[in-house]
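What you see is a predicted model; the values in this text were computed from it and never measured. Ligands are counted one by one from 1 in listed order, and the atoms in each one are counted from 1 as well.
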Amino acid sequence: MADPRLPAWPALDVECGAAPPALAEVADRLALALDDLDVTAVDPAHDGRWRVFFTTGPARDAARMALARAFPRDLTLTAVDVPDEGWAIKVQAALGPVQVGRIVVRPPWDAGAARRLPGEQPAAGSADLIAIVIEPSMGFGTGHHQSTRLCLRLLQRLDLAGRHLLDVGTGSGVLAIAAARLGAARAVAIDNDPDAVAAARDNARRNGVDHVVEVRLADVGSLRDRVTRREGERPDDPWAERAEVVVANLTASVIRALREPLVSLVPPGGWLVAGGFTVDQVPLVEEALAPLRVQVREDEDDWVGLALQRAPGHPSQA
Ligand code: SAH
C-alpha cells in the first residue's frame, strides 16, 4: 500500500479504446493537446494507454476537463496520485553531504567517494574529518536541518571522550553516532517512533558503532520514572544510569513539557545539549531548564542550540 506520508504526483491515466490506424490519429491529436497543458512528463503509450504527470492537482483537473471536451468519445480519463517512493532518497541525493566542523554526514551512496569533498576543509586546528553515513528514511536527522547541525557543533565543543551520553529523540541516530565517533564510551538513544528506532539501529550498525550506541523504543515521558528513583538506588536496567551528557533536539514545547526529567537527568558538572527551537523561544527554554546554566550557544539562521551545564556539586534533583 502507498505510504500516506510520502508525496504523490498528480497524474492522469489516459486510455484510448480505438484500434490502429485510428489509434495513431488520436495519439497525434493527444500529443498536440498535451503541448498546451501544464504537463511535466508523459509515460509513453502501451496499447493506447498513457500516464500524464502534472505539477499540481488543479493543473491535472483542468487538463482533465480540457481533454474531455477535446476528445468526447475517444478517451477514458482517470485521475491518479502516483506515490513517489524514492522521494526521501532523491531529496538527500539533491542536497548531498553536510559538513559540520570535523563531521561530514553522507548518504550511503556517497560513502565510497573521496574522503574529502572538493573544497571541503577540516576546521582549523582539528584532526581529520569524521564521516558518518546516514541512510535517508523516515527517521529525522540527515544533517540538513539547522537544529541537527547546531547539536553536532555543540557536541564537538564538549569533551566526550569516555563519557556516557543519552540521546533523547534520536531520529536517524545521527547525534548518538556522532557522539560515539567523537569518543563517547556509551550512548543510549531513545525515540518513541518505531520507524526512527529501526533507522537508528541500522545506521549505528552501518557506522560500526552498534557496540557503543544502544537504541531503545521509549517515550521521553517514561524518563520520569527513572528520575523518581531514590538517590543511590541501583537501577534494575542499566540504561537508567545517569548520563554525563544528555542531548535533546526536540521542540521548545516538548522541552518545556519534559523539563523535569530532562533537568534531573543531568548530574553535577554534567551537560544538556538542547536544540529544536528558535531565537525568540530561547528565554522560555532557558527558564524551563533552570538551574542548568547556558555555557555555549550556537546560532544558525533563526535556530539556536544551547549547551547547558549543572554546576559541579549542585544537587542533581530539579
Ligand atoms: N536527534 C535527531 C532527530 C531529532 S527530531 C536530530 O538531531 O536530527 C526529534 C525526534 O524526537 C523524532 O525522531 C521524534 O520521533 C522524537 N520524539 C519526539 N517526541 C518524543 C517523545 N516524547 N519521546 C521520544 N522521542 C520523541
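Contact atoms of ligand 1 toward Leu250: 11 (O) (distance under 4.0 Å to a heavy atom of the residue). Those atoms of ligand 1 that come under 4.0 Å of a heavy atom in Leu175, given as number and element, are 1 (N), 7 (O).
Residue pairs meeting the ring pair (Phe, Tyr, Trp, His ring centres under 6.0 Å) criterion with at least one member in residues 251-304, sequence neighbours excluded: His145-Trp303. Every pair tested for side chain to side chain donor-acceptor pair (under 3.5 Å) that includes a residue from residues 56-66 fails, sequence neighbours excluded, so the list is empty.
The heavy atom nearest to atom 1 (N) of ligand 1, considering only Ala199, Ala218, Gly169, Gly173, is found in Gly169.
Note that CG of Asn207 is 5.5 Å distant from CD1 of Ile134, once rounded to the nearest 0.5 Å.
Inclusion of Ser172 in the set of residues having an N or O under 3.5 Å from an N or O of ligand 1 is not warranted. Taking distance alone, with nitrogen or oxygen atoms compared against 3.5 Å, Asp193 stays at or beyond that limit from ligand 1.
Contact of the Leu12 side chain with the Leu67 side chain is registered, since non-hydrogen atoms from C-beta on lie closer than 4.5 Å.
Here Thr170 has backbone heavy atoms under 4.0 Å from ligand 1, and that is the only part of it that gets that close.
Nearest approach of Val100 to Gln156, heavy atoms of both residues: O-NE2, 2.9 Å.
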